[in-house]
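Below is one structure, written out as structure tokens; comments come after it.
Here is how names work: the chains are called A, B, and so on, in the same order as the sequence lines, proteins then strands, and each is numbered from 1. Computation of the quantities below employed the complete heavy-atom set of this structure, encompassing side-chain atoms and omitting hydrogens, waters and symmetry-equivalent molecules.
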2 protein chains.
Amino acid sequence: MKKVVLKDIANHVGVSTALVSYVLNGQAVEKQVSKENAARIMAAAEELNYRPNQIAKSLKTQKTHTIGLVVADINYRFSSGITRAIEAEAKRKNFTVILGSSNENAGKFDELVNVLVNRQVDGLILVPVENSEKTIVNLQRQEVPFVLVDRNFPELRTNSIILDNYKAAYDSTSYLIEQGHKKIAFMNYDSTMANLIDRTRGYRQALEDNGITPSEKLMPLIRPLSYKSDIQKGITHLTSSKVACDAIFFATDRIAIYGLQHLNTLNLKVPEDVSVFSFDESEAFELFYCPVSHARQPLEKMGRLAVNALLELVNKNKITNQVYLESDFVIGRSCRE
Amino acid sequence: MKKVVLKDIANHVGVSTALVSYVLNGQAVEKQVSKENAARIMAAAEELNYRPNQIAKSLKTQKTHTIGLVVADINYRFSSGITRAIEAEAKRKNFTVILGSSNENAGKFDELVNVLVNRQVDGLILVPVENSEKTIVNLQRQEVPFVLVDRNFPELRTNSIILDNYKAAYDSTSYLIEQGHKKIAFMNYDSTMANLIDRTRGYRQALEDNGITPSEKLMPLIRPLSYKSDIQKGITHLTSSKVACDAIFFATDRIAIYGLQHLNTLNLKVPEDVSVFSFDESEAFELFYCPVSHARQPLEKMGRLAVNALLELVNKNKITNQVYLESDFVIGRSCRE
DNA sequence: GTAATCACTTTAAACGTTTAAAGCAAATTT
DNA sequence: AAATTTGCTTTAAACGTTTAAAGTGATTAC
């Protein structure tokens with residue numbers, strides 16, 4: 001079946017394409033189209049099952065009504081959650097989302113961004129990865145509207161919607177201290193990303209504000225390329241009789257999963273042998289024998305704000321700023337009292 | 001900064017847009033463009049940071065190099081896995097993927113498909129939902145190239161890449177029988193979807209072939225709208241002293257998660273008190289105290305085959321057929337010997 | 001010395017829309 | 001009766017590409 005285009009309807013009814021376009025775009029009254037023609041055009045469009053060609057429309061109007069979204073890894077819980085939230089809000093605003101996953105690779109990230117820009121998306125929502133500053137700066141130079149979510153680069157002035165990681169980590173650590181913990185370990189990636197560094201800062205500051213001196217011994221760094229073994233070594237070390245921490249604060253849900261797994265292997269019980277707190281949740285927690293207390297990012301809100309901020313930008317209501325969201329906290333039973 | 005278009009390069013170099021187009025599309029030699037002009041055009045494109053407008057290109061060539069993908073729910077492990085696989089393969093073939101999530105809703109599914117078709121995607125890869133036959137039939141009538149993955153409608157002749165659900169369930173059940181289980185329960189959704197029905201068929205047939213009469217008592221149906229409580233009731237019933245099944249086969253990973261959770265609540269140990277087998281895996285299994293044996297869909301292969309089948313269709317090498325894939329099996333320690 | 005060939009380059013239409021501007025009868029005002 | 005207004009419709013250019021076809025000046029062939 002050949003594709004039905006405007007002209008087919010025009011011929012079928014015996015009018016010009018302009019008239020058809022007016023009617024189909026709801027400008028029938030405004031453009032004073034006669035009732036009969038309007039009705040016949042509507043009927044013909046229905047009968048011929050006309051579907052407007054968005055590509056042609058976009059070329060003419062210079063608007064694609066499309067948002068490009070690049071997440072760090074679609075397999076992360078955070079990614080699918082934020083994708084869902086962004087899609088829902090975009091839908092509400094009559095926008096479509098094109099998704100790409102950079103798999104935490106700066107090269108792939110750059111490539112994806114370029115593909116999306118070439119496709120003339122109206123704007124981008126990005127979860128940047130380590131070493132992707134150059135791509136971001138390029139976007140600024142090209143004046144492509146974009147907003148960052150979850151992560152940003154403090155030295156670049158960008159629109160971004162991110163968690164107040166410092167505060168979330170500070171509050172989480174304070175909570176652990178309130179629960180009576182003294183030797184609180186913190187497991188984080190060895191990374192230059194501000195969101196992760198802020199978590200470490202929050203942790204340290206909370207300790208200091210409570211008269212505890214942070215110790216590097218309690219802060220093993222996980223190298224992303226060898227995270228599994230680093231986590232195992234870290235856990236083994238922290239729970240050894242030499243160190244014997246009484247709580248472990250995991251800086252991400254991924255770290256938490258492998259950390260908890262290794263605690264299982266070592267036959268250590270949560271929270272009897274060691275208390276546990278996590279940043280973000282994983283579906284995996286659902287089957288852990290004990291509900292894991294954790295800081296939870298407000299994905300719904302984040303997605304909504306990101307879309308709205310982007311659309312503001314697209315409409316040139318340039319309000320460049322950073323939005324810091326408060327974390328939610330889910331208290332399970334993984335911290336001894 | 002204004003967008004740089006072909007004409008800008010042409011003006012800058014002092015040639016026609018045709019020449020620029022030829023050079024930038026690698027037809028310099030074929031179209032006998034002089035070396036000097038070719039070089040100057042390349043340099044100008046670089047200097048002006050030219051990015052071809054894919055929209056205009058698509059309008060002219062009637063090809064968008066885009067695949068539309070609609071998954072059932074982006075939060076499913078299966079969905080993010082298959083999305084990743086499809087994206088990777090599409091990338092390899094120089095195609096972009098536009099993703100939508102129907103959230104298991106036939107109305108939303110239809111809407112998404114329409115949006116994608118209007119955007120002139122070259123073809124669709126779909127995970128259809130219950131009651132979405134009409135949408136599928138429409139696509140066939142419009143002659144839009146598409147392939148179904150994971151689920152299909154046997155009464156419709158469609159290209160589809162799906163697991164051999166019957167065989168996977170048959171083999172899984174046989175495995176449980178071999179392990180010495182007699183009273184094997186099967187927990188499945190109350191659904192009209194063929195992929196789920198085939199699992200039930202496989203389960204029943206395996207029992208019968210081994211001289212066990214299937215009993216409805218061992219096959220509680222889970223209604224999607226009240227799955228949590230139905231699963232709980234089912235588990236409680238199956239493990240009651242009256243029924244006392246010795247193994248539970250979960251037809252999906254979602255059912256498995258809530259089933260295992262409730263086993264935890266009831267303080268029943270896997271596999272000591274009851275053996276467990278699942279269809280598909282969830283990230284949640286990672287933190288269950290015991291590795292759960294399960295049938296695993298070959299996502300990588302599925303995604304690759306889906307993209308390739310679709311591209312064949314797009315190129316009019318119409319090979320309409322159904323591909324049934326063999327399941328992988330992951331044997332943990334959740335089945336008593 | 002005219003014709004044909006060669007090595008390039010330009011012209012212009014097309015893809016399917018949108019939309020400002022112009023067109024045209026009939027009705028109304030001068 | 002001429003001019004204007006009204007109510008409606010068409011024309012045609014534009015968006016940024018691609019590409020068949022035509023154009024052009026120099027070289028080669030007969």
For D/dG16, does OP1 or OP2 lie under 4.0 Å from any side-chain N or O of A/Gln62? yes
Return the value, rounded to whole Å, for the distance between atom NZ of B/Lys3 and atom C1' of D/dG16. 12 Å
Among the nucleotides D/dT18, C/dG16, C/dT18, which one has an atom lying closest to any side-chain atom of B/Thr61? D/dT18
Between the two ends of the helix from C/dG1-D/dC30 to C/dT30-D/dA1, what is the bend in degrees, rounded to 10 degrees, where each end axis spans five pairs? 80°
Spacing of A/Leu59 atom CG relative to C/dC15 atom P, expressed in whole Å: 14 Å
Rounded to whole Å, NZ of B/Lys63 lies from P of D/dT19 at a distance of 12 Å
Under 3.5 Å, which protein N or O atoms sit close to an N or O of nucleotides 22-25 of chain D? Give each pair with its distance.
none

Taking CG from A/Asn53 and C1' from C/dG16, how many angstroms apart are they, rounded to a whole number? 6 Å
Would you list the protein and nucleotides 7-14 of chain C atom pairs, both N or O, that sit under 3.5 Å from each other?
from	atom 1	to	atom 2	distance (Å)
C/dT9	OP1	B/Ser34	OG	3.1
C/dT9	OP1	B/Asn37	ND2	2.2
C/dT9	OP2	B/Ser34	N	3.2
C/dT10	OP2	B/Ser16	N	2.9
C/dT10	OP2	B/Ser16	OG	3.3
C/dA14	N3	B/Lys60	NZ	3.0

Going by side chain to side chain donor-acceptor pair (under 3.5 Å), name the pairs with one or both residues in residues 5-16 of chain B, residues two or more places apart or in two chains. none
Within this structure, what is the CD-to-P distance between A/Gln120 and D/dG16, rounded to whole angstrom? 9 Å
A/Arg119 CZ to D/dC15 P, straight-line distance once rounded to whole Å: 22 Å
Between A/Ser79 and A/Asp73, do the side chains contain an N or O donor and an N or O acceptor separated by less than 3.5 Å? no
Given B/Leu325, which of B/Ile162, B/Val149, B/Asn165, B/Leu305 fulfils the side chain to side chain contact (heavy atoms under 4.5 Å, CB included) condition? B/Leu305
Using a 4.0 Å cut-off on heavy atoms, which residues in residues 4-13 of chain A reach DNA chain C? List them by number, or say none. A/Val5, A/Leu6
Shortest side-chain distance from B/Tyr50, nucleotide among D/dT17, D/dT18, C/dT18: D/dT17
I want to check one thing: is the phosphate of D/dT18, taken as OP1 and OP2, less than 4.0 Å away from some side-chain N or O of B/Lys57? yes
Between A/Ser21 and C/dT17, is there a contact of a side-chain N or O with OP1 or OP2 at under 4.0 Å? no
Would you mind writing out the side-chain donor-acceptor pairs for residues 106-120 of chain B within the sub-3.5 Å range, not counting sequence neighbours?
from	atom 1	to	atom 2	distance (Å)
B/Lys108	NZ	B/Ser101	O	3.3
B/Asp110	OD1	B/Thr135	OG1	2.7
B/Asp110	OD2	B/Asn114	ND2	3.3
B/Glu111	OE2	A/Lys91	NZ	2.6
B/Asn114	OD1	A/Arg51	NH1	3.2
B/Asn114	ND2	B/Asp110	O	3.3
B/Arg119	NE	A/Thr96	OG1	3.3
B/Arg119	NH1	A/Thr64	O	3.4
B/Arg119	NH1	A/Thr66	OG1	2.3
B/Arg119	NH2	A/Thr64	O	2.9
B/Arg119	NH2	A/His65	O	3.1
B/Arg119	NH2	A/Thr66	OG1	3.3
B/Arg119	NH2	A/Thr96	OG1	3.2

Can you tell me the distance, in whole Å, between the NE2 atom of A/His65 and the P atom of C/dT17? 16 Å
Rounded interatomic separation in angstrom, taking CD1 from A/Ile55 and P from C/dT18: 14 Å
